[in-house]
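Everything below concerns the one structure shown next.
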Amino acid sequence: MKYKNFKDVKSWKNLQNRFLKLKNCDVRNLFTSNKNRFKEFSINFLDKMIFDYSKNIIDSRAMNILFKLAEEIGIVQEIKKMFSGSKINETENNSVLHVSLRNYKNKNGFLKDKNTELEIKKCFDKMKNFSIKVINGIWKGCTNKKITDIVNIGIGGSELGPQMINNALKDYKNHLNIHYISNIDNTNLKDVLDKINLETSLFLIVSKTFTTTETIVNANSIKKCFIKKFNNKNFINKHFFAISNNVKNSINFGICKKNIFKIFSWVGGRYSVWSSVGLSIMLSIGHKNFFKFLEGANKMDNHFYKKKINKNIPIILALISFWYNFFFNSATEVILTYSNRLNKFTSYIQQLNMESNGKNCDRNGKRITYNTSQIIWGGTGTNCQHSFFQLLHQGTRLVPCDFVAFVNGYDKKFEKHNIILLSNFFAQTKSLFFGNCDPFYRNKENIKKHCDKFYKKFYGNIPSNSIMFKKLDPISLGILVAMYEHKVFVQGIILNIFSFDQWGVELGKTLSNDIYNVLKMNNHKDYKYDSSTNGLLNYYNSWKE
Ligand code: F6P
């Protein structure tokens, strides 16, 4: 076999044995038996982030076996392969080089390919010059008015990343209003059109393939609105831009070459926020902040590339996740962001993780019989505490959690809110792990309040990672996103998966085109599908007004 399976390496057996020792352990003992546990199980990342993984059902021996497993699987070699541009995306015959975008200053010299470096520089220069013109009011619309609104038309990786980052960095934004149209549901289009003036808006059609139905249909509808209003096509050069790898289709749409920003073929959609796909971010926060975001990611890349396995944050995150997936049968992982600005973060990581590792075929072409990607879900603290935390604390399923927080918000106004927010962040990880057996609850008053009835019992043992940053700023965000990207990469290698393709989305696309062609014929009766689909289509026809 070309690629190793984790079940064939020596450490797998050792890990199984270690699990038997730990599965019913009292997690308080992990702390009482090791006074240095926090120190040993945490990593300070450049004094910007603290990663604490001490509240996990794991000890040093289990961690060491996991490190050994990562080594036996060949993780270090795989990382080198990705960074040096090997075609690790085999099913699409492509390299995976989003890390090169963050290395645009070429400080680290991961890649020894001058052409790619020059292409990246050219692309960033073009984005920078363009964004300066728009922000400073030099770029004018077809009726010579300054630009006030930017509309990003794109879906999946062509929307989630830019929108998530622009939300997170709202405090850094300038005067431009940024909108996102992704859904084919026309209410998405309508809601944005209701807010903007075509004459002062720019439309970024973001699609690596420039074939994605939702994006092309939305873009065409907007083009039609322009034609209706201005009765000629001169507006296109002033208002429409393609961010794509498909120059031919962009030109066929009517976009001039000058208005095309290239997405490199070696950037996957869900890894593309660092590329020209991030143009709406650059327009919103300016090129300096955009490049700081890339700089943050580059710091994490450097760490990932150089640090030993046992000090490597993305590798540790992936190994812990693997531990719960295989030994504790955890089907899901929850991400809880203690920052309202990060309210789109979970959706972003959902695509990253589930589109990358939700696969049932291994790199040797064999059908997989073990569980691959966990289901990722979550939301913002403290809101989630008042909705689904009940299940985390007292449910019957073990759900490992990642808690993300920022000590300092951008705004110092209403500081009390921030202190309460962070108090919740600390309290939740502690309660989940130690339950109400913790000494805190051992005084009389608290026993009565929290432990006197069976339904007040908290067994604890719910693990979490705490990821706490000094500040929410472009650099921290770059660090955070790159950390998760690399975690997903390591998980993919351990699971023996090609993480950078997404063949699983194709079948539904093909069938929906077929059904669309049928639906276009009004009142078609004789459907050729299964009885459920035919039945629904018949209802559709009879209910359609
Ligand atoms: O259908 C899934 C997908 O290909 C994602 O991987 C991608 O992020 C999204 O669609 C959008 O693709 P494109 O940028 O080519 O429009």
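Order of appearance sets the numbers: ligands from 1, and atoms from 1 within every ligand. The model shown is predicted, which means the values in this text are computed figures rather than measured ones.
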Distance alone, cut at 3.5 Å: any donor-acceptor contact between the side chains of Thr209 and Asn246?
no
Between Lys208 and ligand 1, which residue portion shows a heavy-atom distance shorter than 4.0 Å: side chain, backbone, both, or neither?
both
Which protein non-hydrogen atom lies closest to atom 6 (O) of ligand 1, naming both residue and atom, and how far is it?
Glu355 OE1, 2.9 Å
Please find out if less than 6.0 Å separates the ring center of Phe489 from that of Tyr271.
no
Options Thr209, Val505, Ile155, Thr213, ranked by nearest heavy atom to atom 11 (C) of ligand 1, top entry:
Ile155
Do Phe203 and Phe226 have their ring centres less than 6.0 Å from each other?
yes
Per-atom contacts, ligand 1 versus Gln502 - under 4.0 Å to a heavy atom:
6 (O)
I need the atoms of ligand 1 closer than 4.0 Å to a non-hydrogen atom of Thr212, numbered in the order shown.
12 (O), 13 (P), 15 (O), 16 (O)
Got a sec, which residues hit ring pair (Phe, Tyr, Trp, His ring centres under 6.0 Å) with Phe130, two or more places apart in sequence or on another chain?
Trp139, Phe241, Phe261
Which residue and non-hydrogen atom of the protein lie closest to atom 7 (C) of ligand 1, and at what distance in Å?
Gly157 N, 3.9 Å
I want to check a possible cation-pi pair here: Lys7 against Tyr370, using under 6.0 Å from ring centre and within 45° of the ring axis as the test.
no
Could you check whether Lys121 pairs with Asp125 (Lys NZ or Arg NE/NH1/NH2 to Asp/Glu carboxylate O, under 4.0 Å)?
yes
Look at atom 1 (O) of ligand 1 and say which protein heavy atom is nearest, naming residue and atom and giving the distance to 0.1 Å.
Lys509 NZ, 3.0 Å
